[in-house]
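To start, the structure under review is shown below, and the notes come after it.
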Amino acid sequence: MASNSMGLEEEPIMPLEGKRSRPQWRPVARRVEYHDDDEDTKPKRYDVFINHRGADTKRTVARLLYDQLEHLSGGAIRSFLDNMSMRPGDHLEESIFGAVRECGLAVAIFSKRYCDSDYCLRELAALVEARKTIIPVFYDVQPSDLVLPPELLESGEHPPRDIERFRFALREAKRTAGLGLTYDHATEYVPYYTPAVISAFISCHCRHSRMTGLFSACSDLAELVSAIANAVMERIQEMQSAQQPRQMIVSRL
């Protein structure tokens, strides 16, 4: 069996007996299957993107919210949290901004050092520009605190266009109804937790809601996380309900 210049396989036509002639060849069609290797490299679909400043909230609000959404949905809701959703070897830019493009909605957790982070601001700007539904969470900050620090403005590392993108995204967040928790630093303990005790917080809220000190802070945090998770669940249900009539119309067509 041979192949011609076009890639078609050919099989010989044998000459009739008694005649000396060179074998002739005729093309024979063969089915060729191609496998799209790009399927494995496409961004994964996420229901929720958790935009946060890791130094402030990775071991508090962000991780608690990730776990609570998984618990409430029985694993049906897929949330993107960088340290939980990325594997060693994943490209940061592709993974993070691919998840931004593919997510259904986002939770932006604003904290003391949020605006110091280039990644936080770029993620927020990308979410706003993609017209994603964003639920703002103000963790120990007020909306008025969301301003770009002088160090970022004076560094010269960001072109004027990016500075304006960041400012516009922050303005949009301030104009959006959200949830918040603020501590009185003079009298209250601001919690910082290790992964070993994260799972205890939600139940801790039920048992110690009237206690002071650590348990009071724990209660406030658990209540905040529950409120965020419930808001996310409601939004996802609304989005799914809105998609069902469209799917029915398409199926009828």
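Given the structure is predicted, the values throughout are model-derived calculations rather than measurements. Residues take their numbers from the sequence shown, with the count starting at 1.
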Report yes if some heavy atom in the side chain of [X] is under 4.5 Å from a heavy atom in the side chain of [Y]; otherwise report no.
| X | Y | value |
| --- | --- | --- |
| Cys115 | Leu170 | yes |
| Ile50 | Met84 | no |
| Ser226 | Gln68 | yes |
| Leu152 | Asp116 | no |
| Thr182 | Val141 | no |
| Ile96 | Met86 | yes |
| Leu181 | Val137 | no |
| Phe168 | Val128 | yes |

Nearest 0.5 Å please: distance from the [atom1] atom of [X] over to the [atom2] atom of [Y].
| X | Y | atom1 | atom2 | answer |
| --- | --- | --- | --- | --- |
| Leu72 | Ile77 | CG | CD1 | 7.5 Å |
| Leu127 | Phe49 | CG | CZ | 6.0 Å |
| Met233 | Ser73 | CE | OG | 5.5 Å |
| Ile134 | Leu105 | CD1 | CG | 9.5 Å |
| Arg53 | Thr57 | CZ | OG1 | 9.0 Å |
| Asp145 | Lys174 | CG | NZ | 8.5 Å |

> According to the salt bridge (Lys or Arg N to Asp or Glu O under 4.0 Å) rule, which pairs have a member within residues 224-239, sequence neighbours left out?
Replying inline: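 For residues 224-239, and leaving out neighbouring residues, the salt bridge (Lys or Arg N to Asp or Glu O under 4.0 Å) pairs sorted by first residue read Arg235-Glu238.
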>> For residues 68-82, which residue pairs pass the salt bridge (Lys or Arg N to Asp or Glu O under 4.0 Å) check, not counting sequence neighbours?
In response: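 Every salt bridge (Lys or Arg N to Asp or Glu O under 4.0 Å) pair that includes a residue of residues 68-82, provided the two are not neighbours, is Lys58-Asp82.
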Considering all heavy atoms, the nearest [X]-[Y] contact:
| X | Y | result |
| --- | --- | --- |
| Ala177 | Pro136 | O-CD, 3.3 Å |
| Ser79 | Leu69 | OG-CD1, 3.5 Å |
| Tyr46 | Ala99 | CD1-CB, 3.9 Å |
| Val100 | Ala126 | CG1-CB, 3.9 Å |
| Leu124 | Ala108 | CD1-CB, 4.2 Å |

> In terms of side-chain geometry, is the basic nitrogen of Arg161 or Glu164 positioned less than 4.0 Å from the acidic oxygen of its partner?
Replying inline: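 Salt bridge absent between Arg161 and Glu164.
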> Can we say Asp162 and Arg165 salt-bridge, meaning some charged N sits less than 4.0 Å from an Asp/Glu carboxylate O?
Replying inline: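 Salt bridge between Asp162 and Arg165, a charged N being under 4.0 Å from a carboxylate O: yes.
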> Any side-chain donor-acceptor pair under 3.5 Å between Asn51 and Tyr114?
Replying inline: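 Present: a donor and an acceptor within the cut-off.
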Tell me whether [X] contacts the main-chain N or O of [Y] through its side chain, where contact means a donor paired with an acceptor under 3.5 Å.
| X | Y | answer |
| --- | --- | --- |
| Asp56 | Arg113 | yes |
| Thr176 | Ile135 | no |
| Asp67 | Leu64 | no |

> Would Tyr139 and His52 count as a ring-ring contact (aromatic ring centres under 6.0 Å, His included) if you check the C-alpha gap in whole Å, the side-chain angles of each, and the deciding distance to 0.1 Å?
Replying inline: CA-CA 10 Å; Tyr139 182 68; His52 71 294; over 10 Å; no
> Is Val147 linked to Ile109 within one hydrophobic cluster, defined over Ile, Leu, Val, Met, Phe, Trp and Tyr using a side-chain heavy-atom separation of less than 4.5 Å?
Replying inline: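 Not linked; separate clusters.
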> Do Ile228 and Val61 pass the side-chain contact (heavy atoms from CB on, under 4.5 Å) test, and can you show the C-alpha distance, the side-chain angles, and the key distance before you say yes or no?
Replying inline: CA-CA 9 Å; Ile228 302 168; Val61 183; 3.9 Å; yes
>> For Tyr119, does the six-membered ring have the charged nitrogen or CZ of Arg122 within the cation-pi criterion, i.e. under 6.0 angstrom from the centroid and within 45° of the normal?
In response: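 The answer is yes; both the distance and angle limits are met.
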>> Tell me whether the rings of Phe138 and Phe110 are parallel (<30°), tilted (30 to 60°) or perpendicular (>60°).
In response: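 Parallel, since the angle between the ring planes stays under 30°.
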>> Let's go through Leu153 and Arg167 carefully: what are the C-alpha distance in whole Å and the side-chain angles of both, what is the deciding distance for side-chain contact (heavy atoms from CB on, under 4.5 Å) to 0.1 Å, and is it a yes or a no?
In response: CA-CA 11 Å; Leu153 297 173; Arg167 283 175 170 162; 3.8 Å; yes
